Structure formats: C-alpha cells, structure tokens
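Accompanying notes for the structure given below.
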Amino acid sequence: MQLLHSSAFLVFLAILAAVSVLGFLGARWKRGDLDQLDEWGLGGRQFGTLITWFLVGGDFYTAYTIIAVPALVFGTGAMGFFALPYTIIVYPFVFLAMPRLWSVARKHGYITPADFVHGRYGSRTLATLVAITGITATMPYIALQLAGMGAVLSQLGLTGNSWVQQDLPLVIAFFVLALYTYSSGLRAPAIIAIVKDILIYVVVIAAIVIIPAKAGGYSHIFSAADAVWRRQGTASLILLPKDYTAYASLALGSALAAFMYPHTVTTMLASSSGQVIRRNAVLLPAYTFLLGLIALSGVVAVAAGIHPATSSGVVPELMTRFFSPWFTGVAFAAIALAAMVPAAIMSIGAANLFTRSIYRAWFRPHATAQQESRVAKNVSFGVKFGALLFVFTSSHDFVINLQLLGGIWILQTFPAITFGLWKRIFHHQALIAGWAVGMVTGTSMAAALRLHSSVYAINIGGTSVRLYAGIWALMANIVVVWLTSVLLDRTGIPRNRDETVIADYRDECDGSGTSSSNGAALYERVET
C-alpha cells in the first residue's frame, strides 16, 4: 500500500476524526429523549432555518453528486448538466408541498411519508408499499455514497491486494458512522453537515480559482474539451436537438422524485415549522450554483487529459493533479463527509419507514416508544452494513444502474404522497393499482435498456419520443389511478376513513410564535 502523500493522508484523517467526535457529541446538542423515535429519527422537529439549510444541503448534495455529476459531464458533455435545472425545478415544489406535509405530520405525529399515506387513505397496504419502495430505492443510494468514499480512499493510496488493505479503511469509517448515528440519531448528521458544507464551499471556490488558472483558463478549457468530444464522437459541449426531450424529462422526473425519498422527507420533517421550510426553499438554490461549479470540473477534466480507471476517479484525480498535497487532504475529507452525512440520514429515513410501516403496522401494533426507537436504531445500523456488503459484492456500474432504477421506483409514490397533500381525489385501491402498473412499466423499460440508461424511446405517430423511463411509468401510473378511481367510486366500493382534516395542512405559526398567514393565504389560493 503506497499513500498518495503523508500530509494529504494526515489532514484527511484529522478532519474525519474531529467530525466523528462531533457526531458522538451530537446526542447532547438540542438534548432530547433519544428513546423516542420522534427525537432520535427527526431531532425533535426543532431545527431552525440555518440548521435545516445545512442539513438539507448535506443530505441532498452528496458524495455521489460531487463525484457522479462531473463524471457524467466528463462522459456525455452537455447532457450531464440536467442536474442543474432539476435542482431549480425542485424548490418551488418544496415551497408548496413540504410545509403542508410538515404541518399534518406534526399534528398527527407522523414520522415518515408512509405514515401520512396511512392516515390520509386509511390503507395499511398502500402505506406498506410506499415504505417498501422507499427502503428499496434508498439502499443503492447509500451504496453509492460508500462507493464515492471508496474512490477517495483509493486515490489516497489506501488500496492493495489484500482485503485488509483494500476494504478495511472503508469498513472502519462506516462502523464509526454507524456508531454515532446509533447513539445520536439525526442530530449527528445535522451537526456534521455544517462542517461538511463549509468544507465543500471552500474546496469548490478554490477549485474554480486554482484549477482553471493552472489549466489555461476557461476559454482554453471549453475549446479543448469541445475538440476532444468532437474527435471522440461520444459527447458534445452543446446539447443536441435529439436530446432535448430526454434532457427535459430527466430534469422534471428527478425533481419530482427528489423529495419522495425517505431521507429528504426526513430533513423536511425535522424542521421547526413550515415557515422554516419555505425560507429554505428560497435559500437552497445557492447549492445549485455550487453544483454548477462542481459540474464544470467534468469539462476541466476532459481538457486536462484526465484518464481515470473508472468514472468515479474523475474528480479525485483532478484534485490530486492540481491541488497541493495538504489541500488535497482537505478536499478528500470534504467528499468523504459528503458520503457520511447523507448515508447517515438515508439509513435513519429507511429505519423510520421500517419501524413505523412494517414492524409496528404488521407485527407490534402496540409497540412502546422505547421499542420503536430501539428497532429503528438497530435497523439503521444494519442498513449501513447491508449497503457496505452490497458495494463489496457488486460492480460499481451495477450499483449506479440500480440507483437509476431506484429513482424510477420512488417516483411511483408521487401520486399517493403529493396529490394527497391537497385533495383526497383518488381511491386507495386505485393508488395501489397505479403503483403496481408504474413499477412494472418503469422496471420493464429499465430492463429493456439493460440498466445502461434510463431514457426510453417510444414511437408516437411515426416520431420517436425519448423520455426518462420514470416519467413514462409515472404517466401510466396516473392514468390507471384516475380511471380506476372513477370505476371504483361508480361501483360503490367505499373509501377508507381519512383521519386528517383541511386545517391539519396549514401551519399557523413558524415555531417562534410568528404568524405565517401569508403562507396560509397562498395555500388557500392553491386549494381553490
């Protein structure tokens, strides 16, 4: 095993050790009874605007984002920038929908989106399907965080022929992560997210100043990258007309799916009020600007002649070439934290779903708060190591492809969760039927593409229309839900009881006693 540079490794190790201590101390921060699932899994629903901003940024902009988006741009050119409009489209949706979910969840004690679905539609089966979909879609997402951290460890030189040299460092890092998540719950990633986000901003700002200066300036970078892509014929600097619909549908579908994942919903429900969520919907696009700068590193890597062994190596190799050794350690620590923070939140979100919608719903309906918390902690621990085992036994490409499939799956929970936040217009059995059709359609399309892509072409009137498979599946889902609801209602099949009322969806204050009448008025207009 040959370390890249001793100073890079020591800086990397020192930062990770420091934040691990912070993770264990997180149990004392905003102290609460961690034997309550609400306290362990949602931090007591008490995070204000600033902490929520860091937490959502730490969860939404992951190591996979930092590594995979530049890698996608490196391989496909302009097509890889679909992540930018996607993270712009998503925040108006967050502004309108998530405060409603927060409000009804707070009033009824819901911990997960599946809890809300159960309460809204009175269907344990539908809630369980939403929970299983969320858990299944999250597992490869966690695995990708591990793969991203593995790419950093590999670039540091922590590799070798033996298991001890190659895999033990990653196992140790995530064992420590699992321990402080178990002991501190959501408070641990919340406090570490502050450090992670600050480091990411420092590294990215340094990258846009240092790397272009050493690589000949942006004019040279864009012209050189364009020349390389034209010569290879595999990508383009400007989006091609044939890719317009695929690009737009990927952006739209990703935006609709983003806050259906259990981990992103967890960060929303941990806020102290709906007003905090609305403020963050306005402030979070700052991360989109950051993401654009990160994506540009894929163009820089092409111009600089980077030839990584795998696509995950694009950003680490670029940093190794252009940064000083000690600052490379800082950059790699930032990426590692960008893996650890979301992995912790994802495992908590998955554990909350399992505890509420499977363990309690089907096996222990009268479970105490302490039993719920203990089960969630154990499941969170197991989920991380299940993902770790998945990384060790599967190829990197397979993990990425499975995550693409996970995005298609989670999008099929959109009708049950989002539409229900305004009106209960659909029958619960119709939502189950629509979910099943959407899952089969999306999975079949992905299988037909051999999981190498998520863009599927259908001939319509002699024209080949290329759209994100998740959008095709969602359209089939919604059509089935609508038609089946009409049929079920006309045949007199009753709907289950809705335990919520209209007033539950409006937060009357922002958590500090300040009226949020403007937000309530907006909801009135939307409902009307």
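These figures come from a predicted structure and were not determined experimentally.
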Can you confirm whether I408 sits close enough to T443 that some side-chain heavy atom of one is under 4.5 Å from a side-chain heavy atom of the other? no
Distance col, row T413:OG1 vs Y261:OH, nearest 0.5 angstrom, shows 9.5 Å
- Go through Y201 and L293 one step at a time and tell me if the side chain to side chain contact (heavy atoms under 4.5 Å, CB included) criterion holds. CA-CA 10 Å; Y201 267 98; L293 299 179; over 6 Å; no
For L34 and S183, the nearest pair of non-hydrogen atoms, with its separation, is CD1-O, 3.1 Å
Rounded to the nearest 0.5 angstrom, the CD1-CD1 distance for I410 and I135 is 10.0 Å
Q.
Using modelled atom types and a 3.5 Å cut-off, is there a donor and acceptor pairing between side-chain atoms of S184 and backbone atoms of G23?
A. yes
Next on the checklist: Centre-to-centre under 6.0 Å for F93 and F259, is that the case here?
Outcome noted: no
Nearest heavy-atom approach of G329 to V11 is C-CG1, 3.9 Å
- Hey, are the side chains of F222 and L296 touching, using non-hydrogen atoms and a 4.5 Å cut-off? yes
**Prompt:** Where the side chain of T266 meets the backbone of P262, is there a donor-acceptor pair that is under 3.5 Å apart?
**Reply:** yes
Quiz item: Is W102 reaching over with its side chain to a backbone N or O of S271, donor-acceptor style, under 3.5 angstrom?
Solution: yes
So Y287 and W53, would you call those rings parallel, tilted or perpendicular, with 30° and 60° as cut-offs? tilted
Are the side chain of W40 and the backbone N or O of Y182 linked by a donor-acceptor pair below 3.5 Å?
-> yes
Output for pair (M340 CE, K384 NZ), nearest 0.5 Å, gives 10.0 Å
* Do other residues, nucleotides or ligands put more than 12 heavy atoms under 6.0 Å from F385 CZ? -> yes
Report the C-alpha distance between T320 and F332 in whole Å, list the side-chain angles of each, state the deciding distance to 0.1 Å, and finish with yes or no for side chain to side chain contact (heavy atoms under 4.5 Å, CB included).
-> CA-CA 9 Å; T320 301; F332 285 2; 3.5 Å; yes
dist T136:OG1 -> W409:CH2 (nearest 0.5 Å) comes out at 6.5 Å
Of V94, T52, T87, V56, the one forming a side-chain contact (heavy atoms from CB on, under 4.5 Å) with L284 is V56
Looking only at heavy atoms, the pair that brings G41 and I348 closest together is O-CG2, 3.6 Å
- [ ] Dump the intermediate steps for side chain to side chain contact (heavy atoms under 4.5 Å, CB included) on L179 and F381, then the final yes or no.
- [x] CA-CA 8 Å; L179 285 178; F381 201 92; 4.1 Å; yes
Rounded to the nearest 0.5 angstrom, the CE-OG distance for M139 and S347 is 10.0 Å
Examine the side chains of T49 and R279 and answer whether a donor and an acceptor come within less than 3.5 Å of each other.
yes
query: Where do V130 and W435 land on the side chain to side chain contact (heavy atoms under 4.5 Å, CB included) test, with the steps shown first?
result: CA-CA 9 Å; V130 170; W435 173 88; 5.9 Å; no
Heavy-atom nearest pair, V314 first then A301, reads CG1-CB, 3.5 Å
All heavy atoms of M319 vs all of T328, minimum pair found to be O-OG1, 3.6 Å
CG (L16) and CG (L177) are apart, to the nearest 0.5 Å, by 10.0 Å
